Protein chains: 2
Amino acid sequence: MTITDVANHAQVSTTAVSKVLRNAYGVSEAMRAKVQAAIDELGYRPHAAARAMRGRTFTIGVLLPHIRNPFFADILDGLTEQIGPAGYQAIMVQAGGTDPKEERRAVDALVDRQVDGILTIAPALAKAELEEIGGGTPTVVLGRHDRSAVYDSVLDDDEVGAELVVEHLIALGHRRIAHITQADDGRGRATALLQTIRARTYERVMTEHGLADHIALAVTSYTEEGGYEGAKRLLARTPRPTAIFAGADQAAYGTLAAVHEAGLTVPGDISVAGYDNARISRLAHISLTSVDQDGAIMGRTAGRLLLERIEGRTSAVRFSVTPTLVTRRSTAPPAGAS
Amino acid sequence: MTITDVANHAQVSTTAVSKVLRNAYGVSEAMRAKVQAAIDELGYRPHAAARAMRGRTFTIGVLLPHIRNPFFADILDGLTEQIGPAGYQAIMVQAGGTDPKEERRAVDALVDRQVDGILTIAPALAKAELEEIGGGTPTVVLGRHDRSAVYDSVLDDDEVGAELVVEHLIALGHRRIAHITQADDGRGRATALLQTIRARTYERVMTEHGLADHIALAVTSYTEEGGYEGAKRLLARTPRPTAIFAGADQAAYGTLAAVHEAGLTVPGDISVAGYDNARISRLAHISLTSVDQDGAIMGRTAGRLLLERIEGRTSAVRFSVTPTLVTRRSTAPPAGAS
DNA sequence: GTGAAAGCGCTAACAC
DNA sequence: GTGTTAGCGCTTTCAC
């Protein structure tokens, strides 16, 4: 079932069919109707690979670090909502860990498949590599703070978000506030990575409040395992922190497990806060104080920016959402606070 | 950078290059080395779309209902582990809800992109549609109980799993045990769907223990929202159930929230059990009794079966894993049990 | 063992 | 407004 079959069936040229398929300029209404009828009748669907040889694939490639973080689902929903009506389909690939090599392989897989646009979510790649990719394919980078003239950026203001958490804990009366962050791999400017911004903001706010001596960092990863491991280390300190700010909700879940396992209670002995406001964090049993960044809006915006670039925009755009703090039962004044 | 460039650079024909690329029969060792050197030197990567026109894409398409269920991540990891070394790349598309129309659209997107194989996870499509897809592309269906001669099946023995949960609750002394299940859309034989098997097994085991009068079903969906909604309905019954078996962990999380919101405790007032043994269920704060099905093995097997089919196998294979029960703190004897 | 050449299904000049 | 036709980069006969 090819475009030639449709053309024969409708008694027109393949050009006409191609134009109807792409809603291109220069087809009469009668022609359109005739061709469309033939398409419907034959149940024809264009061959994506053949299209890719010459024109568009109507595909947006999404690079996800992994599919375990429910926050990514919000982003994807927003993206799909935006690009679907324009006839685009999102395909996802998993980066597989924080190894930039693996990530590069995954993003190359998208490039090789001739996607029309790429959305990378919190990539660990060096900026130069991202620009190389952006130079060849319209690209939106989500969750990084570098400024590029080659690709668009969608990000949450992590400095605001981290500040909200630390200020909240300090206002509750906490002084020994610890933080769990994710290691960066040392390539490129670290200040571009959201975990670095969150961690530095934590240190800055602590210092501003005269709590520099109480700064305690655990460098693991934004995963449940990372949160668990980090919390175990932090809880072993003497004196023990009274609050733990995990840089991501996933890590906060691991922290909750570690606290519980140590025979301590939340928030009685330890307050815990996260970042992302994943849906599960809202559940009464977890009830995690967290920073809400609107993933759906971020996804929709990424989609819009990609469509604009595909249509020809070449100037770079940077879109930042301002996060808000959602306080729940996992944070409370420290024991002994009057 | 095309195959012609490589051929020119190595002073050979494009045929030779193509053969080296595909590890095809009939190239001398010297030729292979020369061509490989040119490939490496030029940093050449084959154009996937051009390949797709004639041969393989080295791509496996995965249809996911959504990316919120962490159990799917285990499956995907297993799949990647299996197909990666063979040079295959997994790409995922989201079905977007339980609407079979949406699901069909998503799977067609994979077919249009000429993937070499398709893995559908817990699809809601009619069997006839799955067979149509399987007829055109090697297909593995994960999580359905229909028997097909056209596609392979990978499943967990849901009858065993559901029985383990209900027997466990009964052994603890519960009698008023309720169940939250997912609606099916009425297409095709319902007995093919895992939610139907789990629900019917629940009814059967209850009946076998003389508890037919205590059967209480809430038909919502395997999501947090579905679990929350279903639990609210069940808790409104008089007399109230003492245990709720949610057909999936996601739904169990919603159930926990609803129970908590009703001012009741788990497991003091209500025992809660799930199915899937997602990682979060292990966390001390949730500590959900659940059924473990080994997602990694299921994913690896699906990958192996797909590669076999791509290599030419035409007979259908059915692979079933036997689940186990993991008891945690969310289930306990009912209040008033001596 | 190696290479020339046809053609996969589509898009886009360009001619009519 | 419509049709003819030359490729896109690769794989695959089929000669040599």
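These numbers were taken from a predicted model, which means no experiment stands behind them. These numbers come from the heavy atoms of this one structure, side chains and all, not from hydrogens, waters or symmetry mates. Letters A, B, ... are given to chains in the order of the sequence lines, protein chains preceding strands, and every chain is numbered from 1.
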*Value in whole Å for how far the P atom of C/dG9 lies from CE of A/Met1*: 11 Å
*Indicate whether OP1 or OP2 belonging to D/dG3 is found under 4.0 Å from a side-chain N or O atom of A/Ser13.*
yes
*Atom-to-atom span, CE of B/Met53 to C1' of D/dG7 - whole angstrom*: 11 Å
*Between C/dA5, C/dC10, D/dG9, which nucleotide has the shortest distance from any of its atoms to the side chain of B/Thr14?*
C/dA5
*Checking all strands, does B/Ser18 fall into the base, sugar-phosphate, or nothing category for heavy-atom contacts under 4.0 angstrom?*
base
_Side-chain donor-acceptor pair present, B/Thr59, B/Arg113, cut-off under 3.5 Å_ = no
*Go through the steps to decide whether A/Arg144 and A/Asp146 satisfy the test salt bridge (Lys or Arg N to Asp or Glu O under 4.0 Å), and finish with yes or no.*
CA-CA 6 Å; A/Arg144 292 245 309 210; A/Asp146 344 49; 3.0 Å; yes
*Calculate the interatomic distance between B/Arg54 atom CZ and C/dA6 atom P; express it in whole Å.*
13 Å
*C/dA12 P sits how many Å from A/Ile3 CD1, rounded?*
11 Å
*B/Arg56 and B/Gln114 side chains, donor-acceptor separation under 3.5 Å*: no
*Within this structure, what is the CG-to-P distance between A/Asn8 and D/dG3, rounded to whole angstrom?*
12 Å
*asked:* One pair to check against salt bridge (Lys or Arg N to Asp or Glu O under 4.0 Å): B/Asp77 and B/Arg300. What are the steps and the verdict?
replied: CA-CA 8 Å; B/Asp77 287 347; B/Arg300 279 203 298 276; over 6 Å; no
*Whole-Å distance between D/dG3 P and A/Lys19 NZ?*
10 Å
_Shortest side-chain distance from A/Pro46, nucleotide among C/dC10, C/dA12, D/dG9_ = C/dC10
*Among A/Val141, A/Ile133, A/Val107, which one satisfies side chain to side chain contact (heavy atoms under 4.5 Å, CB included) with A/Pro123?*
A/Val141
*Go through B/Arg45 and A/Asp108 one step at a time and tell me if the salt bridge (Lys or Arg N to Asp or Glu O under 4.0 Å) criterion holds.*
CA-CA 9 Å; B/Arg45 287 212 316 272; A/Asp108 280 345; 3.5 Å; yes
*Establish, from distance only, whether the side-chain atoms of B/Ser221 and B/Thr223 form a donor-acceptor pair under 3.5 Å.*
yes
_B/His47 NE2 to D/dC10 P, straight-line distance once rounded to whole Å_ = 7 Å
_Separation of D/dT2 P from A/Arg22 CZ (nearest whole Å)_ = 15 Å
*Nucleotide nearest A/Arg51 when distance is taken to its side chain, options D/dT12, C/dC10, D/dC8*: C/dC10
_Check this for me: does the side-chain of A/Thr15 come within 3.5 Å of the base of C/dA12 through a donor and an acceptor?_
yes
*Sorted by number, the residues of residues 23-34 of chain B with heavy-atom contact under 4.0 Å to DNA chain C*: B/Gly26, B/Val27, B/Ser28, B/Met31
